[in-house]
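Labels below follow one simple rule: chain letters A, B, ... track the order of the sequence lines, proteins then strands, and each chain is numbered from 1.
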There are 2 protein chains.
Amino acid sequence: MAAALALAGRGRGQTAPNPNVGCVIVNHGVVIGRGWTQPGGRPHAEAMALEQAGDAARGATAYVTLEPCAHPSQRGPACSQSLIAAGVARVVAATGDPDPRTNGAGFAALRAAGIAVETGMGADAARRAMAGFLTRRALRRPHVTLKLATSLDGCIALVSGASRWITGDAARAHTHLERSRHEMILVGRGTFETDQPRLDVRLAGLEARSPRRALLTRGDPPQGWEGVRDPHAIGTLEDVDHLFVEGGATTASAFVADDLVDRLLLYRAPILIGHGKAALGDIGLERLDDAHGRWRLADTRMLGSDRLEVYERVRENGVSTAGRSS
Amino acid sequence: MAAALALAGRGRGQTAPNPNVGCVIVNHGVVIGRGWTQPGGRPHAEAMALEQAGDAARGATAYVTLEPCAHPSQRGPACSQSLIAAGVARVVAATGDPDPRTNGAGFAALRAAGIAVETGMGADAARRAMAGFLTRRALRRPHVTLKLATSLDGCIALVSGASRWITGDAARAHTHLERSRHEMILVGRGTFETDQPRLDVRLAGLEARSPRRALLTRGDPPQGWEGVRDPHAIGTLEDVDHLFVEGGATTASAFVADDLVDRLLLYRAPILIGHGKAALGDIGLERLDDAHGRWRLADTRMLGSDRLEVYERVRENGVSTAGRSS
């Protein structure tokens with residue numbers, strides 16, 4: 001299942017509105033097929049893995065990160081039917097598919113065909129790996145990651161506005177990798193005008209994975225950019241299941257204030273600035289008690305001399321929408 | 001030597017102006033004596049360990065965190081002479097004593113008496129364990145630890161001033177433990193008037209180790225407090241080798257601006273405040289480049305849901321004045 005989860009990560013940011021699924025098929029202890037949802041959403045992970053496995057899939061076990069789909073489409077057959085047709089003996093799925101066209105029907109079809117079905121293995125990791133799809137289903141909007149790059153005292157710039165650079169090369173490269181895992185990046189008007197950011201992925205081999213760019217603005221967006229009128233409008237963005245918010249403070253605060261941030265990427269340089277620009281403005285907090293219990297540290301690591309922390313929003317509806325960092 | 005260093009830690013904050021030394025005496029693989037500098041500075045670690053060892057010290061090895069002193073005083077004989085008299089065969093010392101009355105003379109006396117002397121084992125750890133004494137010798141002032149307790153976005157309070165509580169019980173208990181390892185705690189006028197802090201050690205068994213209290217003020221200090229007119233005046237404080245600065249932002253900024261902070265204890269709660277009170281005010285930084293290369297992460301750990309980071313000031317004169325946390 002860990003291998004299947006790793007494969008699922010390959011499609012992250014490339015498959016909306018389809019889930020980025022991973023699948024590994026094993027027979028007699030040998031991996032005979034590996035698949036992941038391809039860019040645009042097809043082929044599905046199971047179809048790719050079954051094609052590799054061929055006849056060897058008969059009697060094999062398929063490990064998938066999500067319940068195999070139960071609904072055929074114009075673009076291909078239902079994965080549950082494909083697994084049955086291939087003669088797979090056992091399916092191990094990390095978590096169920098909330099899509100109403102599947103939602104248990106995939107498992108039911110497999111069982112009805114005499115296939116052993118097990119669920120729940122790696123469920124938390126799977127929910128993180130496919131956070132975009134699951135957040136879209138649960139909250140009707142993309143999964144939102146907010147990136148902040150600060151000094152130890154929480155500043156994102158000097159009062160002069162100077163912010164190049166707070167973090168080092170490794171942290172900035174990591175940000176580019178994160179960009180490649182999102183369908184869209186969003187900044188506010190201030191950042192757009194001050195920094196003229198390119199917001200592309202400048203990593204060898206990943207240049208083609210630069211996300212669409214959005215500007216938080218009530219006016220017309222500049223050429224090459226899409227406009228988002230207010231944070232809640234992200235629910236209407238087509239084919240965006242992962243949104244990467246890169247600032248500045250006003251935009252970040254607007255998303256935090258509206259509780260639209262699921263995952264916080266905090267890059268911190270070992271410097272003190274003092275009397276600089278704060279990472280956040282008003283987020284509507286009135287009592288300290290209300291600030292607690294909302295964020296949980298999910299991952300931390302060094303990136304050169306900088307430190308990355310990944311926090312996930314703790315939500316009562318059980319949607320674990322954060323993810324370990326790439 | 002690790003055992004000797006641990007013993008050295010017991011005296012931290014209790015021995016100024018003497019160094020807090022640790023000593024372990026081993027014969028035939030058995031620990032026969034353990035000592036650490038006692039409150040007020042006497043007996044010395046070696047004297048305590050030698051007394052425990054008694055006649056068994058003959059032919060033994062003494063592990064000490066600092067070069068044994070060469071100068072007798074009214075309060076006791078020189079430790080190098082005591083080691084010679086006890087018939088110790090070998091002395092392993094972590095680092096030399098910069099006190100001009102010793103500064104190599106201790107080692108020379110031991111060697112002249114036919115004792116094998118080795119130095120350098122655990123030198124970095126020893127310099128951290130005895131940071132107060134060594135900072136006083138190198139920089140003519142106490143070793144200064146600045147404590148900050150912030151949200152993830154670097155706030156120490158809401159705009160209303162509310163700061164109880166940002167961090168949780170475990171972090172606050174850790175702060176009390178840190179207090180017990182300093183001779184003096186210092187706050188500014190604002191913190192004194194707003195919070196009326198007791199600044200004592202409220203940990204079972206350590207109540208008697210509450211440090212002296214100082215107020216950064218140009219006026220008269222209140223009863224029970226000592227006055228410090230400006231940050232540079234800390235060099236004149238008697239019997240203070242470890243100073244713990246607890247805020248608020250104005251006081252913290254004054255110490256940072258004057259480059260008087262050797263160790264930064266950063267307690268961070270997993271909360272966002274936004275539009276609150278910043279941890280630091282103006283520290284005189286004009287260019288981002290100047291902020292880099294000054295701080296190095298020395299330790300990090302979770303304290304409940306809060307995270308503690310310990311940063312040490314990187315100084316070119318090689319004084320490693322930070323320390324792992326207790």
| Pairwise side-chain contact, A:L280 with B:I273, heavy-atom cut-off 4.5 Å (strictly under) | no
| field | A:H275 side chain vs B:G284 backbone, donor-acceptor pair below 3.5 Å | value | no
| said: So which residue, B:V256, B:L148, B:I166, ends up with the most heavy-atom pairs under 4.5 Å with chain A? | reply: B:I166
| request: Kindly check if the number of other-residue, nucleotide or ligand heavy atoms within 6.0 Å of CD (A:E226) is above 12? | output: yes
| remark: From the list A:D282, A:L266, A:L272, the residue making the most non-hydrogen contacts under 4.5 Å with chain B is A:L272
| request: Side chain from CB out, backbone as N, CA, C, O: work out which of these in A:L264 comes under 4.5 Å of a heavy atom of chain B, or both, or neither. | output: side chain
| query | Is it the side chain or the backbone of A:E309 that comes within 4.5 Å of chain B heavy atoms, both, or neither? | reply | side chain
| Beyond-backbone contact of B:R268 with A:L297, side-chain heavy atoms, under 4.5 angstrom | no
| said: Does any backbone or side-chain atom of B:S163 lie under 4.5 Å from a heavy atom of chain A? Answer side chain, backbone, both or neither. | reply: backbone
| Which atom of B:I271 lies closest to which atom of A:A291, heavy atoms considered | CG2-O, 3.4 Å
| request: For A:Y311 and B:P270, work out which heavy atoms get closest and say how close. | output: CE2-CB, 3.9 Å
| Can you tell me if B:H292 uses its side chain to pair, donor with acceptor, with the backbone of A:W165 under 3.5 Å? | yes
| query | Taking all atoms of both residues into account, what is the closest heavy-atom pair of A:L285 and B:L158, and its distance? | reply | CD2-CD2, 3.7 Å
| field | Side-chain touch B:R307/A:T300, heavy atoms, less than 4.5 angstrom | value | yes
| query | Do A:D153 and B:I283 come within less than 4.5 Å of each other through their side chains, counting heavy atoms only? | reply | no
| said: Quick check on B:L152 against chain A: is it the side chain, the backbone, both or neither that has a heavy atom closer than 4.5 Å? | reply: both
| Minimum heavy-atom distance between A:L288 and B:A162, given as atom pair plus value | CD1-O, 3.8 Å
